[in-house]
Structures are given as C-alpha cells and as structure tokens.
Novice: 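Would you mind keeping the following structure in view while I ask a few things?
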Amino acid sequence: MGGDSDAFRLLVERHSRTVFRVAYRMTGNEHDADDVVQETFLRVYRQLENFESRANFTTWLHRIAINCSVDLLRTRVRHDRHRSNDSEEALMNGEVATDQPHAERLLLSSEVQRHVSAALETLSGNERTAFVLRHFEGMSIEEIGSVLGTRVSATKNTIFRAVRKLRDQLEPLVRTTSCNT
Amino acid sequence: MQHLNEEQLVLQHYGDADSGAAEHLASCAQCSSEYDVICRVLTLVDGVPVPERGAGYGETVWSNLRWKMDRAQRPQRRLTLYLAVAAVAATAFVSGLLWTTGLRRHEPAVSVAERPAPSTQPAAAIARTTPPLGGDSNPRVLLLVVGDHLDNSERLLIELSNADPKGSVDIASDRLRSEELVAANRIYRQTAARTGNSRIASILEELEPVLLEISHAPDRLRGAALVDLQKRIEAKGLLFKVRVIGSEADRSGSAPQHTPTNSL
C-alpha cells in the first residue's frame, strides 16, 4: 500500500485513543472497546471512498465507532440482559449508606460505579449514543444529530430521555455527593 | 418568569440554555435545588473511569490492523481476477460464435492461421478501468490527513499571529501541539514527495522550520521574540499558502477516489 498505508497509519495513530474512549463509554467493557477500535478503523478503510465531506471526518469516524459499538452490543444482548438484571436488582435494593470507614468507602465507590454502569445500560442505543457524545465527548446537538441521523429537536429529546432515565435511577445515590458545576 | 422545566435545566447544565435560565436560577431556590440534583446525577456519571491507553496504543492498533486490512483486500483482488477472467472467456466465446456464424453465412473456408484472433481488448479495458485496490496511486488518504494537518497548523499559526506582543504570552500548549505537528509534518512531506504531490510537499517543507521554531521556543514569549515569530509566519505568505493548499486538499480528499495524483 506504500504511501497510502503510511498516511492511514497516521490516521489510526492519531484517532485510536479517542475512538477507544467513545467505544468504552458505549460498551462499558475494555476488551469490547479494543475490538470496536479495530473494527472501526477496518470499516473506515473499506468505506473511505464513500466518505464525502472531509470537514466532518471526526463526526464520520464517531458514527462508525458508534455503529460498531451498537453492533457489538447487539451480539452480546443475552449476556448483557443477564448482567443488567443483576445490576437493576442491586439498584432496587435501596440507597447506599454514607458514613463508612475508608476501606468501605472504596467499596462504596466501586459500588456506585457499578450502579452508574447499570443505569447506563438501561439506555437505548440512541439514548446512550446521544448521551455519551454530549456528556463525555462534548459534541454539539447538531453534530450528534448528524451522527444519529436525527433533527435537532429529536436529538435534544433523546438526550433529555437519557438524562431522565439516569436521574430516575441514580438520584437516590447522589444525596451525599457534591455538584462541582 | 415561570419555573424552569427539566429540559431547560439539562440544557443549562450543558451550556445550551439562554441567559434567562441562568438569571432565573440565581433567584429561584426551587429551580436551583432541582438543577443541583441534575448536576449531581451527571457528576456521578463522570465517576466511572475510562481505562488509560498509553501513547503507543495507536501503534498497537495499527500493527493488529495491518494484516486484517491485507486480508480484507485479498477477496476483493480475487473477485476482480475472477471477473476479468470470466469477461475474457465470455468475450472469446461470443466472438468465436459470431465469427463462426459469419463464416458459415458469407465466407468460403478460411484457414485457421488467417482467422482473426479473439480480441483481448476487453481484458485490457478492464485492467485500465479497475481502480487500484489501495495502491500508491490512490492519494485520498494522504489528502485527507494532510488537509486535517494543515487545518491544525493554520489554527496554531493564527493564534500566534494574533497574540499581543505587548504582554507576555504563554505558548506552552502551542509548543506541545507544534511538536506533534512537526513529527506529522515530516512524515506527510516525505509521503507527498514519494507519491508525486509536489505542491503539498513544497508547502510542508516551508511549514516545517516554522513549526520547529515554535516547538523549540520557551513556554512564555514576550515582546521582540514574539514579533520575530510573527514575522516568520507572515514571511512568504505562509499562512495564506497553508490555507489555500489546506482547502484544496480538503476538496480533493472529499472528491471521488479517482482523483489524479497530480491534481493539486
């Protein structure tokens, strides 16, 4: 592939960590995220001739990474459902106690993370995508709409629904945390 | 003003609400409390860490990807070969059939040696029109990354050109960006030269010393040093050239794949 290969290599090296971050936020699993990174760049390579607007390359790359993540999530639906049920059960078991010694606080922290992961898993594919891109990647509503193929109002609604779901599940846990914003 | 609804509070959290929302929040305890809950929930979500991937991660991804890319191409190559062989065979068959029919109708017997050979032109045509499968002659990826690179370089140069030389300017982050750009610039320049993109190679050659100078500058620049740097950027219309070639690369990178290599 010669020079073409060198250039593509730079593209991979430049964007791998970003794609990994998005993939991890989407899948919640390190190994899955690694697989998504590989698959994303493979698809980018195969579809490069279909790419129309260089100005939106990052958006295009995100879209492919998101699609790969969603495909991967679909393939492990059964496993996820099982794990999600466990997590939801844990969530249903009420609030987490707060005045604990240090070691227990660490446990508490990982417990909270588990609850947050479980809450994220209750989001639909579009809700999770919209939320990840807005909350973690800081993408604008318009850019997210471009990734999802939805209009601004629909994109906003998807984000609202995601936040509402997260709030419903996590509000009991936040009574002792502080808001930094 | 009415109380803010949940959607307005979410918009406010992400900085998408209008200024009226912030004013209302400052004066309304009920909305402020509601907003606080949303902030806390979203802050809690931030608490889930993403595993770190080191600086060499891209390299690892590439080394795993490379053989997959090669493997992905192989069936395409095989398919193209099969199609070409099938087309030649079909053409030979049809030509033979037509020739035999014509022979029967109009011609007296002609010796095998005098018969025209079945045309090989379709095979040649197929070879000419089939796009190279990721070969050196495909500049699309190069144009794509160079366009991106020139955009980034342009942003950096504009920032420094517009910095106020009267005060002291912190360019530590620009310096780091410049270091990365220098490394990338070197590879793009060599690739452009190797693939015959002389205009791109030329602008990258002009850009490199300026990027190098920025990457070696102190973290804080003041007065004369900054003015010197700005003069270097302005010299020979570097910023303008970067902008023009960058946008040309953008367009060519977006164009269909068969853009000639020397179209820039």
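Chain A is the first sequence line, chain B the second, and so forth, proteins listed ahead of strands; every chain is numbered from 1. This is a predicted model, so every value here is computed, not measured.
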Novice: If the threshold is 4.0 Å, N to carboxylate O, is there a salt bridge linking B:R155 and B:E159?
Specialist: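 Salt bridge between B:R155 and B:E159, a charged N being under 4.0 Å from a carboxylate O: no.
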
Novice: Taking every non-hydrogen pair under 4.5 Å, which of A:D34, A:L11, A:I141, A:V163 racks up the most with chain B?
Specialist: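 Top count of heavy-atom pairs under 4.5 Å with chain B: A:D34.
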
Novice: Pick one of side chain, backbone, both or neither for B:E7, based on which atoms fall under 4.5 Å of a heavy atom in chain A.
Specialist: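 B:E7 touches chain A through backbone and side-chain heavy atoms alike.
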
Novice: Out of A:K156, A:R25, A:H15, return the one with the most heavy atom pairs under 4.5 angstrom to chain B.
Specialist: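 Among A:K156, A:R25, A:H15, the one with the most close pairs to chain B is A:R25.
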
Novice: How are the rings of A:H135 and B:H13 set to each other: parallel, tilted or perpendicular (split at 30° and 60°)?
Specialist: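 Ring orientation of A:H135 relative to B:H13: parallel.
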
Novice: May I ask you to name which of B:G56, B:A55, B:A192 has the most heavy-atom pairs under 4.5 Å with chain A?
Specialist: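 Answer, by heavy-atom pair count under 4.5 Å with chain A: B:A55.
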
Novice: Relative to chain A, which segment of B:E52 carries a heavy atom at a distance below 4.5 Å: side chain, backbone, both, or neither?
Specialist: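 Interface part for B:E52: side chain.
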
Novice: Does a side-chain N-to-carboxylate-O contact under 4.0 Å join B:R53 and A:E30?
Specialist: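 Salt bridge present between B:R53 and A:E30.
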
Novice: Considering only heavy atoms, which portion of B:I38 lies under 4.5 Å from any heavy atom of chain A: side chain, backbone, both, or neither?
Specialist: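 Side chain only.
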
Novice: Is there side-chain contact between A:F131 and A:L120, with heavy atoms separated by less than 4.5 Å?
Specialist: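 Result yes, sub-4.5 Å side-chain heavy-atom pair found.
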
Novice: Where on A:L166 is there a heavy atom nearer than 4.5 Å to chain B: the side chain, the backbone, both, or neither?
Specialist: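 Both parts, heavy atoms under 4.5 Å.
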
Novice: Report the distance from atom OG of B:S153 to atom CZ of B:R177, rounding to the nearest 0.5 Å.
Specialist: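 One gets 9.0 Å once the value is rounded to the nearest 0.5 Å.
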
Novice: Hey, mind stepping through A:S146 and A:R63 against side-chain hydrogen bond (donor to acceptor under 3.5 Å, both in side chains) and telling me if it holds?
Specialist: CA-CA 8 Å; A:S146 167; A:R63 187 185 300 147; 3.3 Å; yes

Novice: Please determine, among A:E13, A:Q38, A:R164, the option with the most heavy-atom pairs under 4.5 Å with chain B.
Specialist: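 Going by pairs under 4.5 Å, I would pick A:Q38.
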
